[in-house]
Amino acid sequence: MENINWSELGFGYMKTDYNVRCYYRNGKWGELEVSSDEHINIHMAATCLHYGQEAFEGLKAFRGKDGKIRIFRIEENAKRMQRSCEGVVMANLPVEIFEAACKKAVKLNERFVPPYESGASLYIRPLLLGLGEQVGVKPAPEYLFIVFVSPVGPYFKEGFKPTPMVILRGYDRAAPLGTGTIKVGGNYAAGMIPTVKAHDMGYSAPLFLDAKEKKYIDECGPANFFGIKDNTYITPESSSILPSITNKSLMQLAEDLGMKVERRKVLEEELATFEEAGACGTAAVISPILRIDDPDENRTYVISKDGKPGKRCEELYHKLRAIQYGDEPDVHNWVSFVE
């Protein structure tokens, strides 16, 4: 095994040994195939290239101190990909194929699963592409499902430390009845300009307001938003937010810790009342928010007064990671083992 400095890993791609593929042809899914090729040979008129008929997922595998490898909430990711298939009219990918391909990809690349307590994990990227040569806007006749993996460190280079975010009113991530609730590349393309702009301005991510009224909180760049006050975990409800599996897990853990949970519309002005706030997702887990600037309205919402993560953010972050690594009982059956 080459010398990998696990504790210094960023969130990026690293070549591993194998990926797993499965084709949909003639109305049915084929068998899983193993490949060591990092490239995909597709027709230049493939539907995914021209009309964005594709979807992807992101989940992680963790090595516990018992040496066992655990994948977190694989079934939820499989179901979310099925919703994405429906959303852009792709052949439905069975949960069984999704799970088998992910587990096989992890097992084949077992030597790349970072050690326990290294601060790193194995990121799993399932990808579904519409194939077949077409120049008309219609569903593809064939599909390719592929799973590759890469060891990664924290998504935000600061790790579990509060960072500033910015509201950029001139941009929308997704329309209320568009594709915001499914995990397709077009949502991320739409957020690329404000994300780059936010980084250039010194912020970790943009905070999007709702596209219709510009009054309510939607998402934090590539992650869901949550705020905490009065022993209550509050996260926005919107017809354009991707339902984060991490956020769903945190809501359950918040209840387990005796907190109330509310999923509802969150006015921008309510930011001033939160004792803690964060962005959450598979890649970032929890990224606490330091402050949120609204330059267009000349407003600043200071969330962390001392520059440190809040008590509840810390509790939720450590509890979730303890379950992922097998340090706490998996009472909700969220973990799958790679045998």
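Every value quoted in this text rests on a predicted model; they were computed, and no experiment measured them.
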Verify, without hydrogens or angle tests, whether Arg70 (side chain) and Val335 (backbone) share a donor-acceptor contact under 3.5 angstrom. no

Lys/Arg-Asp/Glu bridge criterion (N-O < 4.0 Å) met for Lys319, Asp256: no

If we ignore hydrogens and angles and just use 3.5 Å, is the side chain of Glu142 paired with the main-chain N or O of Gly130 as donor and acceptor? no

Do Arg83 and Glu86 sit within salt-bridge range, that is, some charged N less than 4.0 Å from a carboxylate O? no

When you look at CG of Leu257, are more than 12 heavy atoms from neighbouring residues, nucleotides or ligands closer to it than 6.0 Å? yes

Taking the six-membered ring for Trp, are Tyr233 and Phe226 parallel (under 30°), tilted (30 to 60°) or perpendicular (over 60°)? parallel

Above 12 or not: heavy atoms from other molecules or residues under 6.0 Å from OH of Tyr18? no

Check this for me: does any side-chain nitrogen of one of Arg173 and Glu219 sit under 4.0 Å from a carboxylate oxygen of the other? yes

Does the side chain of Val266 come within less than 4.5 Å of Tyr216's, by heavy atoms? no

Take Phe72 and Phe62 through the ring-ring contact (aromatic ring centres under 6.0 Å, His included) test and state the conclusion after the steps. CA-CA 8 Å; Phe72 187 67; Phe62 306 85; 7.1 Å; no

Given the rule in the side-chain contact (heavy atoms from CB on, under 4.5 Å) test, do Phe148 and Val20 qualify, once you have shown the distances and angles that lead to the verdict? CA-CA 7 Å; Phe148 66 86; Val20 178; over 6 Å; no

Show the numbers, then the answer: is there a side-chain contact (heavy atoms from CB on, under 4.5 Å) between Leu209 and Lys215? CA-CA 6 Å; Leu209 299 179; Lys215 288 167 53 178; over 6 Å; no

Could you go step by step and tell me if Trp29 and Tyr23 meet the ring-ring contact (aromatic ring centres under 6.0 Å, His included) rule? CA-CA 6 Å; Trp29 288 98; Tyr23 285 92; 9.1 Å; no

Is there a side-chain contact (heavy atoms from CB on, under 4.5 Å) between Tyr325 and Lys65 once you walk through the steps? CA-CA 8 Å; Tyr325 282 97; Lys65 62 182 171 186; over 6 Å; no

Does Phe145 share a hydrophobic cluster with Phe56, counting links as ILVMFWY side-chain heavy atoms below 4.5 Å and allowing steps through other members? no

So does Arg299 pair up with Glu268, basic N to acidic O under 4.0 Å? yes

Compare all side-chain heavy atoms of Val135 with those of His50 and state whether any distance is below 4.5 angstrom. no

Between CD on residue Glu57 and NZ on residue Lys183, distance to nearest 0.5 Å: 6.0 Å

Could you tell me whether Arg321 and Asp327 have a side-chain N and a carboxylate O separated by less than 4.0 Å? no

Within the supplied structure, the quantity of interest is the number of heavy atoms (other residues, nucleotides, ligands) at a distance under 6.0 Å from Glu75 CD; does it exceed 12? no

Are Gln53 and Met90 close enough that some pair of their side-chain heavy atoms sits under 4.5 Å apart? yes

For Ile182, is there any backbone N or O sitting under 3.5 Å from a side-chain donor or acceptor partner on Asn187? yes

For the CD atom on Glu297, are there more than 12 heavy atoms of other groups (residues, nucleotides or ligands in this structure) within a distance under 6.0 Å? yes

Between Glu314 and Lys311 (salt bridge meaning N to carboxylate O under 4.0 Å), is one present in this structure? no

Within 45° of the six-membered ring axis of Phe274 and under 6.0 Å from that ring's centre, is NZ or CZ of Lys229 located there? yes

Other residues, nucleotides, ligands: >12 heavy atoms within 6.0 Å of Asp200 CG: yes

